[in-house]
Amino acid sequence: MSFSQWKPQQLSAEGQAFHKDQQVVFIYRKKQVVGTIIKLLGNSAVVTLSNSKVTDTTERTVVNYKNLMGN
């Protein structure tokens, strides 16, 4: 077995319902927030948070598919 070989990530069954650039709702810091998926991982997604304030930086977090709801 070679450790240098890269394997493509396969989405879990929960991840099949989501796609890149999809708006989702989830609980973040005890509040319900809206975000946009920027990358799909095996068991979770990288999501940018939608804020009403315009800022220079974008806040991102990783959320398990089980905690996401399509918007």
> Show every side-chain hydrogen bond (donor to acceptor under 3.5 Å, both in side chains) that has at least one partner inside residues 25-42, sequence neighbours left out.
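side-chain hydrogen bond (donor to acceptor under 3.5 Å, both in side chains) check on residues 25-42 returns Gln23-Thr36, Tyr28-Glu59.
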> Checking Phe26 now: which residues fulfil ring pair (Phe, Tyr, Trp, His ring centres under 6.0 Å) with it, not counting sequence neighbours?
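None.
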> Find out if a path of hydrophobic residues (ILVMFWY) with successive side-chain heavy-atom gaps under 4.5 Å connects Met69 to Ile27.
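No, separate clusters.
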> What are the two closest heavy atoms between Lys20 and Leu40, and how far apart are they?
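Looking at all heavy atoms of both residues, the closest pair is N-CD1, 4.1 Å.
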> Out of Val46, Leu41, Val47, which residue meets the side-chain contact (heavy atoms from CB on, under 4.5 Å) rule with Ser44?
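Result: among Val46, Leu41, Val47, Leu41 is the only option passing the side-chain contact (heavy atoms from CB on, under 4.5 Å) with Ser44.
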